[in-house]
Amino acid sequence: MKKIVVFLIFFSFIFKADALIVELDSCVDGDTARFITERGVESTRFLAIDTPELRPVEPLAKEAADFTCDKLKNASLIRLEFDENSDLYDRYDRLLAWIFVDDKLLQEKIIEKGLGRVAYLYGDYKYTETLQLRESEAKLKGIGIWQDESDFEVFAIGITAIAFMSITNLFYFKFKKSRKSYINKIYDNKNAIIKTIFIM
């Protein structure tokens with residue numbers, strides 16, 4: 001009877017602790033892995049991020065999965081840290097945790113590379129601000145999943161600049177120059193801006 005009580009106290013302590021040292025069992029995708037814990041093999045969802053899905057395959061899903069798996073397989077130490085403002089398990093019975101690989105936050109590295117986005121924020125989580133900062137930096141660099149959005153932003157800026165220059169030239173033509181000079185100036189400005197966009 002005493003052994004059972006001791007075991008239950010020990011078991012309870014483990015899953016109320018702030019952190020847990022684990023071993024990798026297997027990789028799943030960019031934001032999920034299976035770890036060996038005191039309870040057995042636990043499927044674990046990385047807290048506060050979302051990476052492209054492998055099924056069906058989304059762009060950069062394989063790159064995200066490979067990046068995560070490489071970090072986990074080559075880790076000397078994997079530590080799961082639990083957030084006091086998060087549930088311990090999600091509705092699929094997966095552990096929810098911050099993943100530290102050799103004392104570096106894996107979620108931060110994934111976001112930094114543009115291989116995922118900050119998501120599923122159901123509370124004031126401990127490292128949310130850090131992740132959001134890394135996400136902003138990845139967006140500005142236009143890397144990973146933000147590449148297409150960055151290209152669109154450059155295109156939109158270019159179109160806006162062309163429109164602005166055209167309106168400016170319209171007033172310039174109206175008061176100062178001939179129609180022919182106005183048309184030539186619009187084309188000159190448009191070509192310069194388009195060249196700038198492609199260089200960027």
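The residues of the chain are indexed from 1 along the displayed sequence. Since the structure is predicted, the reported quantities are computational estimates derived from the model, not experimental observations.
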Using atom types as modelled, flag every donor-acceptor pair under 3.5 Å from a side chain in residues 101-108 to any protein atom, sequence neighbours excluded.
{"from": "Asp102", "atom 1": "OD1", "to": "Ser76", "atom 2": "N", "distance (Å)": "2.9"}
{"from": "Asp102", "atom 1": "OD1", "to": "Leu77", "atom 2": "N", "distance (Å)": "2.8"}
{"from": "Asp102", "atom 1": "OD2", "to": "Ser76", "atom 2": "N", "distance (Å)": "3.4"}
{"from": "Gln107", "atom 1": "OE1", "to": "Ile99", "atom 2": "N", "distance (Å)": "3.0"}
{"from": "Gln107", "atom 1": "NE2", "to": "Leu47", "atom 2": "O", "distance (Å)": "3.2"}
{"from": "Gln107", "atom 1": "NE2", "to": "Ala97", "atom 2": "O", "distance (Å)": "3.0"}
{"from": "Glu108", "atom 1": "OE2", "to": "Arg134", "atom 2": "NE", "distance (Å)": "2.8"}
{"from": "Glu108", "atom 1": "OE2", "to": "Arg134", "atom 2": "NH2", "distance (Å)": "3.2"}

Rounded to the nearest 0.5 Å, how far does [atom2] of [Y] lie from [atom1] of [X]?
{"X": "Leu95", "Y": "Leu20", "atom1": "CG", "atom2": "CG", "answer": "8.0 Å"}
{"X": "Asp70", "Y": "Asn74", "atom1": "CG", "atom2": "CG", "answer": "5.0 Å"}
{"X": "Lys62", "Y": "Cys69", "atom1": "NZ", "atom2": "SG", "answer": "10.0 Å"}
{"X": "Cys27", "Y": "Arg34", "atom1": "SG", "atom2": "CZ", "answer": "10.0 Å"}
{"X": "Trp146", "Y": "Glu137", "atom1": "CH2", "atom2": "CD", "answer": "13.5 Å"}

Pairs in or reaching into residues 26-69: which pass ring-ring contact (aromatic ring centres under 6.0 Å, His included), with residues at least two apart or in two chains?
none
With sequence neighbours excluded, residues passing ring-ring contact (aromatic ring centres under 6.0 Å, His included) with Phe100:
Tyr127
Quick check: are there more than 12 heavy atoms from other residues, nucleotides or ligands sitting under 6.0 Å from CD of Glu129?
no
Answer yes or no: does atom CD of Glu58 have more than 12 heavy-atom neighbours from other residues, nucleotides or ligands under 6.0 Å?
yes
Suppose we screen for side-chain hydrogen bond (donor to acceptor under 3.5 Å, both in side chains). Which residues come up paired with Asp25, at least two apart in sequence or across chains?
none
Over all atoms of both residues, closest heavy-atom pair of Glu112 and Ile143:
O-CD1, 3.3 Å
Side chains of residues 115-122: which donor-acceptor partners sit under 3.5 Å, not counting sequence neighbours?
none

Determine, using the 4.5 Å side-chain heavy-atom cutoff (strictly less than), whether Leu60 and Val28 are members of one ILVMFWY cluster.
no
Charged N-O contact under 4.0 Å between [X] and [Y]:
{"X": "Lys113", "Y": "Glu63", "answer": "no"}
{"X": "Arg94", "Y": "Asp87", "answer": "no"}
{"X": "Glu53", "Y": "Arg55", "answer": "no"}

Is Leu24 close to Ile78 at the side-chain level, that is, under 4.5 Å between some pair of heavy atoms?
yes
How about Thr68 and Asp29: do any of their side-chain heavy atoms sit closer than 4.5 Å?
no
Would you check if there is a donor-acceptor pair between the side chains of Tyr125 and Glu84 at a distance under 3.5 Å?
no
List, by chain and then residue number, the residues other than Val41 in its hydrophobic cluster (Ile/Leu/Val/Met/Phe/Trp/Tyr, side-chain heavy atoms under 4.5 Å); write none if there are no others.
Ile36
Hey, mind stepping through Thr44 and Thr32 against side chain to side chain contact (heavy atoms under 4.5 Å, CB included) and telling me if it holds?
CA-CA 6 Å; Thr44 305; Thr32 311; over 6 Å; no
